[in-house]
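Note sheet for the following structure.
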Amino acid sequence: MTVSEHKTHVGRSTLIRVVTPKPLTESPAARYVWAAARLALGWVFAWAFVDKLFGLGHETPAAKGWIDGGSPTEGFLAHAPKGPFAGFYNDLAGAAWADWLFMIGLAGIGAALILGIGMRIAAVGGAALLVLMWSAVLPPENNVFMDDHLIYALLIVGLALVSAGDTLGLGRWWAGLPLVKRLPFLK
């Protein structure tokens, strides 16, 4: 067990040594597990961006990439939504502003997670994007309400809370920048 020690004075001459366990998230093994989860989730976002940008033939058919004039939102939003918000999402399908926001979101969240910087903004933006994607297909196919989008949303918030960008990432360097010190929400 990793412990944290500090000494405290009680009265004039009594010195007490207090030993308390460090939070599990501070152990080296836990830090590396959180870092691996951050990199894995970052890859999920980065891959979605690259596939939709170039039409690599995985989820986005070849020649339908964004650089080929395809819309990264049209295929999904025009055909997949169901449930109470289907009409709302169908109306967004192929809108240029929706394409831009979606692609900027995928790229920014993926880059932030992979680099370990801007974790707070990535957590807020990523969780919002994931909840929107979840709400587009209500109810989920395999469960009454839970699916991987909600699990990823919880994970990305957890990554920010444990400062997962500090291990195998640039989080500590980023946090030391004058701008980030002045505006801590950028951390």
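Bear in mind that the values here come from a model prediction, so they are computed numbers and not experimental data.
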Is any side-chain heavy atom of [Y] closer than 4.5 Å to one of [X]?
| X | Y | answer |
| --- | --- | --- |
| Trp97 | Phe102 | no |
| Pro84 | Leu138 | yes |
| Leu186 | Leu179 | yes |
| Leu155 | Trp34 | yes |
| Arg31 | Asp166 | no |
| Asp147 | Asn142 | no |
| Leu39 | Trp43 | no |
| Leu106 | Val50 | no |

Side chain to side chain contact (heavy atoms under 4.5 Å, CB included) for Leu130 and Leu150? Distances and angles first, verdict last. CA-CA 7 Å; Leu130 288 160; Leu150 293 182; over 6 Å; no
Would Phe76 and Glu59 count as a side chain to side chain contact (heavy atoms under 4.5 Å, CB included) if you check the C-alpha gap in whole Å, the side-chain angles of each, and the deciding distance to 0.1 Å? CA-CA 10 Å; Phe76 177 77; Glu59 292 297 319; over 6 Å; no
So, [X] side chain and [Y] main chain: donor-acceptor pair closer than 3.5 Å or not?
| X | Y | value |
| --- | --- | --- |
| Trp134 | Leu129 | no |
| Asn90 | Leu77 | yes |
| Arg38 | Met119 | no |
| Asp68 | Gly70 | no |

Heavy-atom count around Tyr152 OH within 6.0 Å, excluding the residue itself: above 12?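 No - once you tally the heavy atoms of other residues, nucleotides and ligands closer than 6.0 Å, there are 12 at most.
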Are there over 12 heavy-atom neighbours, none belonging to Lys181, within less than 6.0 Å of that residue's NZ? no
Distance from [X] atom [atom1] to [Y] atom [atom2], nearest 0.5 Å?
| X | Y | atom1 | atom2 | answer |
| --- | --- | --- | --- | --- |
| Phe88 | Leu132 | CZ | CG | 7.5 Å |
| Leu154 | Leu159 | CG | CG | 11.0 Å |
| Ser71 | Lys52 | OG | NZ | 10.0 Å |
| Leu41 | Leu113 | CG | CG | 5.5 Å |
| Arg172 | Thr167 | CZ | OG1 | 5.5 Å |
| Trp174 | Leu115 | CH2 | CG | 9.0 Å |

[X] and [Y]: which non-hydrogen atoms are nearest, and at how many Å?
| X | Y | answer |
| --- | --- | --- |
| Gly118 | Ala112 | O-CB, 4.3 Å |
| Pro139 | Val144 | CB-O, 3.8 Å |
| Arg120 | Pro184 | NH1-O, 2.9 Å |

Applying side chain to side chain donor-acceptor pair (under 3.5 Å), run through Thr73 and Tyr89 and close with a yes or a no. CA-CA 10 Å; Thr73 62; Tyr89 287 114; over 6 Å; no
Cluster question for you: counting only ILVMFWY and a side-chain heavy-atom cut-off of under 4.5 Å, with indirect links fine, are [X] and [Y] together?
| X | Y | answer |
| --- | --- | --- |
| Ile67 | Trp47 | yes |
| Leu168 | Trp173 | no |
| Val157 | Met133 | yes |
| Ile156 | Leu161 | yes |
| Phe54 | Ile104 | yes |

Quick one: do Ile114 and Phe45 satisfy side chain to side chain contact (heavy atoms under 4.5 Å, CB included)? Show the steps, please. CA-CA 10 Å; Ile114 289 170; Phe45 281 93; over 6 Å; no
Go through the steps to decide whether His149 and Val131 satisfy the test side chain to side chain contact (heavy atoms under 4.5 Å, CB included), and finish with yes or no. CA-CA 7 Å; His149 293 95; Val131 169; over 6 Å; no
